[in-house]
Amino acid sequence: MHELMEIAKFLRKEMDMAESYAYEAAKHKAEMPELAHHYYKGALEHLVIADMIREGGHRMVDEHRRMEHEDHAKMHDVWAFECEMAAMQRECVQRKLDMYKG
C-alpha cells in the first residue's frame, strides 16, 4: 500500500504542474505568445507523464488482485479515489488549455 501512495503522490504532483503550466499559458497568451506556447507544451507533457503514472498504478492494483493480496480491496478503493481526483483536476487543466487555444 505504501508504494501505491507514493505513486499517488507523484500523480498529484504531475497534475498540479500541468495545471500551473496551463494557467501560465492562458495568462501570457496575449502579451508573450511564444512563452505561452512553451507553457502550453509543458502542460501537455505533464499530462502525458501523469497518464503513464496512472497506468502504472492501475497495473500495481491489478497485480495485487491477481496475486490475491488481502489488501487488494483497500488498494482498489484508494486508487479509484486518486484517479477520480486526477480526472477532476484534468478537467480544470483542459479548461485552461482551452482558454489558451480559444
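Quick caveat, the model's predicted, so the values are computed rather than measured.
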Seminar exercise, completed: Rounded to the nearest 0.5 angstrom, the NZ-OG distance for K27 and S20 is 10.5 Å
Problem set entry | Cluster overlap Y23 with Y40, hydrophobic side-chain contacts below 4.5 Å | no
Exercise answer: donor-acceptor pairs, residues 56-66 side-chain atoms, under 3.5 Å, sequence neighbours excluded:
| residue | atom | partner | partner atom | Å |
| --- | --- | --- | --- | --- |
| H58 | ND1 | W79 | NE1 | 3.3 |
| E63 | OE1 | R66 | NH2 | 2.8 |
| H64 | ND1 | M60 | O | 3.2 |

N/O donor-acceptor pairs under 3.5 Å from side chains in residues 4-12, not counting sequence neighbours:
| residue | atom | partner | partner atom | Å |
| --- | --- | --- | --- | --- |
| E6 | OE1 | K9 | NZ | 3.4 |
| R12 | NE | E82 | OE1 | 3.0 |
| R12 | NH2 | E82 | OE2 | 3.4 |

Exercise. Taking a hydrophobic cluster as the set of Ile, Leu, Val, Met, Phe, Trp and Tyr residues connected by side-chain heavy atoms closer than 4.5 Å, whether directly or through intermediates, do V48 and L44 fall within one such cluster?
Worked result: yes
Exercise. For A43 and A22, which heavy atoms make the closest approach, and how far apart are they?
Worked result: CB-N, 3.7 Å
Seminar exercise, completed: Here the gap from K13 atom NZ to I49 atom CD1, rounded to the nearest 0.5 Å, amounts to 13.0 Å
Problem set entry | NE2/H28: more than 12 non-hydrogen atoms of other groups inside 6.0 Å | yes
For this session: Determine whether more than 12 heavy atoms belonging to other residues, nucleotides or ligands lie under 6.0 Å from atom CD of E55.
Result: yes
Exercise. At what distance, to the nearest 0.5 angstrom, does CD of E24 lie from OH of Y21?
Worked result: 9.5 Å
For this session: To the nearest 0.5 Å, tell me how far E14 CD sits from E45 CD.
Result: 10.5 Å
Show me, pair by pair, the donor-acceptor contacts under 3.5 angstrom made by side chains of residues 95-102, not counting sequence neighbours?
| residue | atom | partner | partner atom | Å |
| --- | --- | --- | --- | --- |
| K96 | NZ | E19 | OE2 | 3.2 |
| D98 | OD1 | Q94 | NE2 | 2.9 |
| Y100 | OH | H37 | ND1 | 3.4 |

Exercise. R90 versus D51: any side-chain heavy-atom pair under 4.5 Å?
Worked result: yes
Exercise. Are M52 and V93 joined in one hydrophobic group, where the rule is that I, L, V, M, F, W and Y side chains link up if heavy atoms are under 4.5 Å apart?
Worked result: yes
Exercise. Linking I/L/V/M/F/W/Y whenever their side-chain heavy atoms sit closer than 4.5 Å, directly or via other members, would I53 and V78 fall into one cluster?
Worked result: yes
